[in-house]
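These numbers come from the heavy atoms of this one structure, side chains and all, not from hydrogens, waters or symmetry mates. The chain is numbered in sequence order, starting from 1. Indexing begins at 1, ligand by ligand and atom by atom, following the structure's order.
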Amino acid sequence: MSELLIYYNGEFVPKDKATVSIYDHGFLYGDGVFEGIRAYNGRVFKLDEHVDRLYDSAKAIALEVPITKAEMTEAILETLRKNNLTDAYIRPIVTRGIGDLGLDPRKCPMPSIYIISQEWGAMYGDLYEVGLKAITVGIRRNAPDALSPNIKSLNYLNNILAKIEANAKGGDEAIFLDQNGFVSEGSGDNIFVIKNGKIYTPPTINNLKGITRATAIELLEERGYEVAVQNLGLFDMYTADEIFVTGTAAEAAPITLLDGRKIGDGSVGPITKAAVAAFEEVTGTIGTPIFE
Ligand code: PMP
């Protein structure tokens, strides 16, 4: 296989040569934003939504992306074409760019843009069949009035600390609560809770406005399920019939054990299965064609 090409500021660079300056504030301070996107069967899933969110994240940190959304969209598609990828995970990154060792962004004259693409199968492997073991972590999600979880920033340390804690406790995924004890999100996914045939998901003030979350709500409502957006507590999770999480990388993944408690009867439930099936129906059939 030929070497993967990475987009860097308008050029395509072989993977091994695609290095980042140690003075890039994305590296020094996590000062930047990114997206995670998937392509299925030659179509990029929800590309416009991801590009919009990338620019919204950038806007929120006062980072002006030096290319238009249309140019970004084309750069993403061209990166896939150059690598001849039809099924891929795509990672556009915009950093504040190269500056000095001070943190003042005014010292960074030009943002850097990188787009990485590669093949990446099911993130949780065989666990989709049996469900994930999740752990509610002690560390709280970043407060919205400190570093809003709505911003998909390069600063993922909060998420990584959650993952470390979940790993140490034998969990496959971490569940965050927010500062008030409300359910927030997983380390890289949004949460859905099912009780008595009704589906609940937290509002997005304390979590990322997940594109898979929005898709799942739409697909489930189309199929006649009722989805309520409301605050949830740990009690709601422990007493749920089913829980699943959604994310671009994770897709739709069941949680069958939370903090040592079986969710429902501990097997993957019917509404979770319906959500997974609905998601599989649309991926690869809708989306922006790469090669047309
Ligand atoms: N929350 C966090 C913290 C994430 O990193 C992700 C993955 N981007 C999500 C939720 C899910 O978002 P999406 O469905 O848009 O991938």
Side-chain angles (χ1 to χ4, degrees), residues 30 32-40 44-58 60-61 76 88-94 115-117 120 122-124 132 134-137 139-144 146-166 171-178 182-193 201-220 227 229 232 243-255 275-276 278-280 282-283 286-288:
V33 295
F34 75 103
E35 270 303 315
I37 312 174
R38 273 190 191 265
Y40 298 88
V44 184
F45 192 62
K46 303 278 171 182
L47 180 54
D48 291 347
E49 287 82 347
H50 282 284
V51 170
D52 283 346
R53 189 172 65 185
L54 180 69
Y55 280 68
D56 283 348
S57 292
I61 66 162
I76 290 168
Y89 179 81
I90 309 141
R91 171 65 60 87
I93 302 160
V94 185
I115 305 170
I116 310 168
S117 62
W120 192 14
M123 187 166 111
Y124 286 118
L132 312 184
I135 303 289
T136 309
V137 291
I139 186 163
R140 298 302 172 106
R141 187 70 178 112
N142 285 331
L147 175 55
S148 169
N150 295 160
I151 304 170
K152 200 162 169 57
S153 87
L154 288 179
N155 193 324
Y156 254 50
L157 206 42
N158 186 223
N159 313 55
I160 290 164
L161 292 175
K163 201 77 190 169
I164 289 170
E165 193 178 330
D172 304 304
E173 176 55 314
I175 304 292
F176 275 118
L177 303 180
D178 71 10
F182 292 123
V183 174
S184 161
E185 60 183 335
S187 72
D189 31 62
N190 294 108
I191 297 174
F192 287 81
V193 169
T201 190
T204 57
I205 186 71
N206 64 5
N207 54 65
L208 186 71
K209 295 177 191 291
I211 290 163
T212 322
R213 172 188 180 278
T215 306
I217 293 174
E218 198 182 298
L219 293 175
L220 287 163
V227 185
V229 176
L232 301 167
I243 300 176
F244 67 89
V245 293
T246 61
T248 298
E251 300 169 299
I255 288 179
V276 172
F279 190 67
E280 282 172 358
V282 293
T283 53
I286 60 166
T288 311

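At the shortest separation from atom 12 (O) of ligand 1 among protein heavy atoms lies G210 CA, 3.5 Å. Nearest protein heavy-atom contact of atom 6 (C) of ligand 1 is G188 O, 3.2 Å.
The N/O atoms of Y156, backbone and side chain alike, include one that comes under 3.5 Å of an N/O atom in ligand 1. Considering backbone and side-chain N/O of R53, one or more are found under 3.5 Å from N/O of ligand 1. Among the atoms of E185, some N or O lies under 3.5 angstrom from an N or O of ligand 1.
For the ligand labelled ligand 1, residue A214 lies outside the 4.0 Å heavy-atom shell. The shortest heavy-atom distance from N207 to ligand 1 is not under 4.0 Å. Within the 4.0 Å heavy-atom shell around ligand 1 one does not find K46.
Listed for the D189 side chain is no donor-acceptor partner under 3.5 Å among the backbone atoms of E185. In this structure, the side chain of N207 engages the main chain of S184 through a donor-acceptor pair within 3.5 Å. In this structure a side-chain-to-backbone donor-acceptor pair under 3.5 Å is missing from R213 to L208. Proximity of a side-chain donor or acceptor of K152 to a complementary backbone N or O of A58 within less than 3.5 Å is not detected. Between the side chain of R140 and the backbone N or O of D178 there is at least one donor-acceptor pair closer than 3.5 Å.
Atom CZ in F176 sits 9.0 Å away from atom CD in E165 (nearest 0.5 Å). Atom OG1 of T248 sits about 7.5 Å away from atom CD of E35, to the nearest 0.5 Å.
Residue contacts with ligand 1, taken as heavy atom pairs separated by less than 4.0 Å, involve S187 solely via the backbone atoms N, CA, C and O. By the criterion of a heavy-atom distance under 4.0 Å, the side chain of K152, and not its backbone, is placed next to ligand 1.
Residue-ligand proximity, G247 to ligand 1, at heavy-atom distances under 4.0 Å covers atoms 11 (C), 14 (O), 16 (O).
Of the listed options N159, T246, T212, T212 places a heavy atom closest to atom 14 (O) of ligand 1. Relative to atom 16 (O) of ligand 1, the option among T248, I191, T204, I211 with the closest non-hydrogen atom is T248.
Donor-acceptor pairing under 3.5 Å is lacking for the side chains of T212 and E251.
Note: F192 and F244 have parallel aromatic rings, judged against thresholds of 30 and 60 degrees for the angle between ring planes.
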